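Notes to accompany the following structure.
Quick caveat: nothing in here was measured; it's all calculated off a predicted structure.
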Amino acid sequence: MSSHNNIEEEDTFEPIYPSQEDFNPSETVSAFLSQTAYDPSRLHPLAGLGGGLDYLNLDDDASIPGASSGGILPSRGWSDDLTYGTGVAYLSGLSLGGAYGFYEGLRSSPSPAFKVRLNTVLNSMTRRGPFIGNSAGVMALMYNGINGAVSRARGEYDPINSVAAGALTGALFKSTAGLRAAGSAGGVCAVLAGIWAFGKEAVL
């Protein structure tokens, strides 16, 4: 019992506020922080923030050739177009190819049995989906790379570059099938690229 009393006598705590008058229940953390002067240079002495904080603004950044803030996603040049274009083309081709394979598998099933039809559908989807997705991704990679090279060589960024890039992409993609196939593919890709480029410019 005596040891318990000794512990209670030794465990004494100092109050946070010396007197009750110093405690203000209306004072909050936000009110306390609002009274503190903000100095960016105190965040880190070696950061060189004495002049304030700088923020990246794509709309005002005209130093990157071919950069634009219009469209679905803001573009900082051909590298962004290459990344977005290749990814979107691959995923779109993979989805469309899988949908076509699903339809083809349902039609070409040799038996109405569920397991046989399911196996046929899965085989068609895994055959068509990756093939169309990979082809679309490769063509988008070639198109955006050629478009960036042509734009840099001409020094202008207009729909003519897209038409030229589409023609070269189609011709190179089907170059192993002969001159006639390469020419036809180049013409089709040039028309599609022109429709996309001029239509995007007219809409946006």
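- Atom CG in Leu168 sits 5.0 Å away from atom CD1 in Ile146 (nearest 0.5 Å).
- Qualifying side-chain contact (heavy atoms from CB on, under 4.5 Å) partners for Ile195, counting only residues two or more places apart in sequence or in other chains: Val191.
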Show every donor-acceptor pair shorter than 3.5 Å between a side-chain atom in residues 128-144 and any protein atom, with sequence neighbours excluded, or say none if there are none.
unit_1, atom_1, unit_2, atom_2, d
Arg128, NE, Glu104, OE1, 3.0
Arg128, NH2, Glu104, OE2, 2.9
Asn134, ND2, Pro130, O, 3.0
Ser135, OG, Phe131, O, 2.8
Tyr143, OH, Ser162, OG, 3.2
Asn144, ND2, Ala140, O, 2.7

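- Other members of the cluster containing Val121 are Phe102, Leu106, Met125, with ILVMFWY side chains joined at under 4.5 Å, either directly or via other members.
- Partners of Arg117 under the side-chain hydrogen bond (donor to acceptor under 3.5 Å, both in side chains) rule, at least two apart in sequence or in another chain, do not exist in this structure.
- Across all their heavy atoms, Ser124 and Gly101 have their closest contact at CB-O, 3.1 Å.
- By the side-chain hydrogen bond (donor to acceptor under 3.5 Å, both in side chains) test, Arg180 pairs with no residue at all, sequence neighbours left out.
- Taking CZ of Phe114 as the start and OG of Ser109 as the end, the distance is 11.0 Å to the nearest 0.5 Å.
- For the atom pair CD (Glu156) and CG (Asn161), the distance works out to 8.0 Å, reported to the nearest 0.5 Å.
- Atom CG of Asn123 and atom CG of Leu118 lie 9.5 Å apart (nearest 0.5 Å).
- Tracing side-chain contacts under 4.5 Å through hydrophobic residues (I, L, V, M, F, W, Y), one reaches Leu172 starting from Val150; they form part of the same cluster.
- Here the straight-line distance linking atom CG of Asp158 with atom OG of Ser151 works out to 7.5 Å at 0.5 Å rounding.
- The two atoms that bring Gly170 and Ala185 nearest to each other are O-CB, 3.3 Å, heavy atoms only.
- Hydrophobic cluster membership of Phe198, counting Ile, Leu, Val, Met, Phe, Trp and Tyr whose side-chain heavy atoms lie under 4.5 Å apart directly or via other members: Val163.
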